[in-house]
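Atoms within each ligand, like the ligands themselves, are counted from 1 in listed order.
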Amino acid sequence: MPDTRYVFVTGGVTSSLGKGIISASLAKLLQARGYRVTIQKLDPYLNVDPGTLNPYEHGECYVTEDGAETDLDLGHYERFLNVPTSQANNVTTGRIYQNVINKERKGDYLGKTVQIIPHITDEIKRNIKLLGTKHKFDVVITEIGGTVGDIESLPYIEAVRQLKWELGHRAMVIHLTLVPYLAASGELKTKPTQHSVKSLLEIGVQPDVLVLRTEKDLTTDVRKKVALFCNVDIRAVIQSIDVSSIYEVPVKMQEEGLDETVLEKLRLPVEGKPELKEWKAFLSKLKNAKKTVRIGLVGKYVELPDAYKSIIESLNHAGTYNDHKVDLRLIHSENLTPENVENKLKDLHGILVAPGFGHRGIEGKLAAVKYAREKNIPFFGVCLGMQCAVIEFARNVLKLEKANSREMDHNTPYPVIDLMEDQKNVTDKGGTMRLGAYECALTKNTRSYNAYKKELVNERHRHRYEFNNEYLEQFEAAGMISAGTNPETGLVEIIEIPSHKWFVGVQFHPEYSSTVINPHPMFLAFVKAAIDHGKEKISE
Ligand code: GLN
C-alpha cells in the first residue's frame, strides 16, 4: 500500500516500561477497527539475532513460523494480534551492519566511504519500510529497543527523524516514559519525562504522543504540565496505569483514547469503536476465574521467568479458557533430586518440564519426569522436556542403563536422543538449528489427536537433537508411543504413554502459537487434565 503509515515507539527514563505491550495494545486497537497492522522490533545490539543469547541475558528466544529466532516481544505481538510475524518483524543492529558490510564487499558502494549516516541509517529505513511496501500493511508500528539517550540506539532515532521528515503525516512517534510517585512528598514527578523528551528533541525528534507509565492516576494538572513542557496536545498525554494483567492494557489505552489520537495524527478515518468482543470475553473469564490449578514449571532459568514467557502465557490462556487461575510454581531443576522430588512436587496438579540446552539441571528434570510418570500426575514435556521423558523411560522402564541424549553424554551406550542427520556437519551456532514450522501427522486415538481434533498440524521447532527411531519399537512395546511424526522425514514429534492419565511430550514448541483468541489445544488439554487430577486429589 503506497500510503502505509508508520508509528514509532520509543522509550525514555528507564528500560522495562513495557514498550512491547503498549505497541501490541495499540496494534490490537487499530486491528479491531479493521486496519491491517503489524509490529516490528528493532534491537540495538550487535548479535545478528537473539538465538545465540543465553536466556538470562534477554529472556526467551521467540521463534516465528518462518524460522526466525527473535525477541520475546514478538511473542506479545502474536498473542495480541493473532497473526504470525516473520523475520522482517525483528531486526538487530548486527543484522543491519551485516547487510551493509555484505553490500560493501559486493561492491555496491564502490568508490564511497561507507558511513553510519547515510548507509546504516538507510539500511534501517529500508527494513522499516519493507513491511509496508512488501507486506502491504496499513500501519506498521516499529518499537525501538533500548532507552533514548543510549549510544546504541542513536542511529535508529536518526532514522526515525529522517522518516518523519520524509513521510510527514504518515509517520509519528509515541514516547513512553515513567512518572514516578514519591511517597515521601505524596507527588507524581514529571521531571524525568521532561528530561527524556528533551533528549529526544536534542536529536531532532518531537514526539507526537506521550504515554506515561504510572502507579497512580495522573491529575489534570500533571497532564497539563507534561503537555506544556513537552509541546504536545493534552489529549496526546496518555496515562498507562499499572494493571494486574497485560491483556487489560488495550482496554485501558482505548479508554485513554490512544487509538483515536493516533488515527487523527496519521490522518486516517476515526469511525465507530474498536470491535473487542472476543477480547473482552477473555478478560471477563480471566477476572472471574475463582478456582485455581497448581502447575509446576520445571526448568533451569526459573530465576528469570521471562525465559519461559510464552509457556507461562500459554498456561494462562489455557487456565482462563478452562475457567481456572493458574497457580504457577517455578521449580529449579538444579535443586531437584530423587530424594527431595516428592516433597517439592507432591502438591502439584500438573508438571511441565521446560525446553533448554546443555546438561545443567538435567538430572532434576529426569527426577521430575519419573515422579510424574510413576505417580500418574499430568505431564507435559516441551522440546528438551520431551527428550527428558524419553531418556527417563529408557533408563527406568527399558532398563537401558546410562541412556541419554548425545547432547548430554556424547559416549552414551544408548543414544535414545541423537543428533539429527542434517545437523552432523553443522559447526556454526547462529541460526543453524531445525527452526520454524514443520508439519506433524497425528496418530488417531491419542491424547494429542483428541486435543487437536485434526490429522495434520503445523508446529514450530528449535532444536538439534531428535528421538532416535532405532529405539522406537522397544519404546512402543513397553508403553511409550509415537503420537505424531513428520510426514516427510518420519521424525518422532510427539510421545505419549497411553496408560498414564495424561503424559505427553512434544519435540516442538506449542507455546509459540498460543494466542488470546486462539489458546493452544495441547495447553488446553494439559491444563484440563491437571484440573481433573486436582479434583481427584481432593476427593481422595
Ligand atoms: N537441547 C535440545 C536440542 O537441541 C532441546 C532444545 C529445546 O528445548 N529447545 O535438541
Side-chain angles (χ1 to χ4, degrees), residues 49-65 67-70 72 75 297-302 304 306-312 314 333-334 351-366 368-369 379-392 394 403-410 412 415-438 440 459-469 471 486 489 491-495 504-514 520 522-523:
D49 61 46
T52 50
L53 290 178
N54 186 318
Y56 285 127
E57 296 272 321
H58 216 67
E60 160 188 287
C61 171
Y62 183 79
V63 179
T64 56
E65 278 182 353
E69 295 176 282
T70 71
L72 57 74
L297 169 56
V298 181
K300 65 173 170 179
Y301 300 114
V302 290
L304 184 80
D306 266 3
Y308 301 114
K309 192 85 210 166
S310 293
I311 290 183
I312 295 174
S314 303
S333 51
E334 262 192 310
I351 296 171
L352 190 151
V353 175
F357 294 83
H359 68 271
R360 184 168 70 92
I362 202 80
E363 293 300 325
K365 286 186 172 175
L366 294 173
V369 175
F379 167 85
F380 197 17
V382 177
C383 207
L384 182 63
M386 172 264 199
Q387 298 178 353
C388 287
V390 169
I391 298 166
E392 192 280 325
N404 216 330
S405 160
R406 192 84 75 185
E407 181 183 10
M408 314 304 160
D409 176 3
H410 192 74
T412 168
V416 287
I417 301 292
D418 207 352
L419 198 59
M420 277 182 277
E421 211 37 55
D422 52 8
Q423 285 287 332
K424 290 196 171 145
N425 297 320
V426 173
T427 49
D428 277 7
K429 291 280 182 261
T432 54
M433 282 186 255
R434 181 182 183 214
L435 289 165
Y438 286 89
C440 170
E459 292 287 1
R460 301 180 205 179
H461 292 251
R462 183 173 187 247
H463 58 112
R464 294 186 202 281
Y465 296 83
E466 57 159 322
F467 181 89
N468 184 346
N469 268 329
Y471 293 91
N486 179 292
T489 56
L491 291 180
V492 172
E493 310 282 34
I494 311 178
I495 56 93
V504 180
V506 291
Q507 184 57 79
F508 45 81
H509 290 269
E511 71 274 22
Y512 294 144
S513 45
S514 181
H520 196 285
M522 292 292 259
F523 277 92

Evaluate the criterion side-chain contact (heavy atoms from CB on, under 4.5 Å) for residue pair Leu384 and Lys365; output intermediate values, then yes/no.
-> CA-CA 9 Å; Leu384 182 63; Lys365 286 186 172 175; 3.6 Å; yes

Can you say whether the rings of Phe523 and His520 are parallel (under 30°), tilted (30 to 60°) or perpendicular (over 60°)?
-> perpendicular

Ligand 1 and Cys383, any nitrogen or oxygen pair closer than 3.5 angstrom?
-> no

Enumerated ligand 1 atoms positioned under 4.0 Å from heavy atoms of Phe357 | 1 (N), 4 (O), 6 (C), 7 (C), 9 (N)

Any N/O pair His463/ligand 1 closer than 3.5 Å | no

Quick one: look at His509 and ligand 1, take heavy-atom pairs under 4.0 Å, and tell me if it's side chain, backbone, both or neither.
-> side chain

Closest non-hydrogen protein atom to atom 2 (C) of ligand 1, residue and atom name please, with distance?
-> Glu407 OE1, 3.3 Å

Out of curiosity, is Gln387 lining ligand 1, as in a heavy atom under 4.0 Å away?
-> yes

Do Arg434 and Glu493 sit within salt-bridge range, that is, some charged N less than 4.0 Å from a carboxylate O?
-> yes

Nearest-contact summary for atom 5 (C) of ligand 1 - protein heavy atom, Å = Gly356 O, 3.4 Å

Hey, is Glu407 close enough to Arg464 for a salt bridge, meaning N to O under 4.0 Å?
-> no

Look at atom 10 (O) of ligand 1 and say which protein heavy atom is nearest, naming residue and atom and giving the distance to 0.1 Å.
-> Tyr465 N, 2.9 Å

Is there side-chain contact between His509 and Pro355, with at least one heavy-atom pair below 4.5 Å?
-> yes

Got Tyr308 and Val302 here, is their nearest side-chain heavy-atom distance under 4.5 Å?
-> yes

Side chains of Ser405 and Ile362: does their closest heavy-atom pair fall under 4.5 Å?
-> no

Residue selection (non-hydrogen contact nearest atom 3 (C) of ligand 1) among Gln507, Met386, Arg462, Arg464 | Arg464

Check whether any N or O atom of Val382, backbone or side chain, sits under 3.5 Å from an N or O atom of ligand 1, and answer yes or no.
-> no

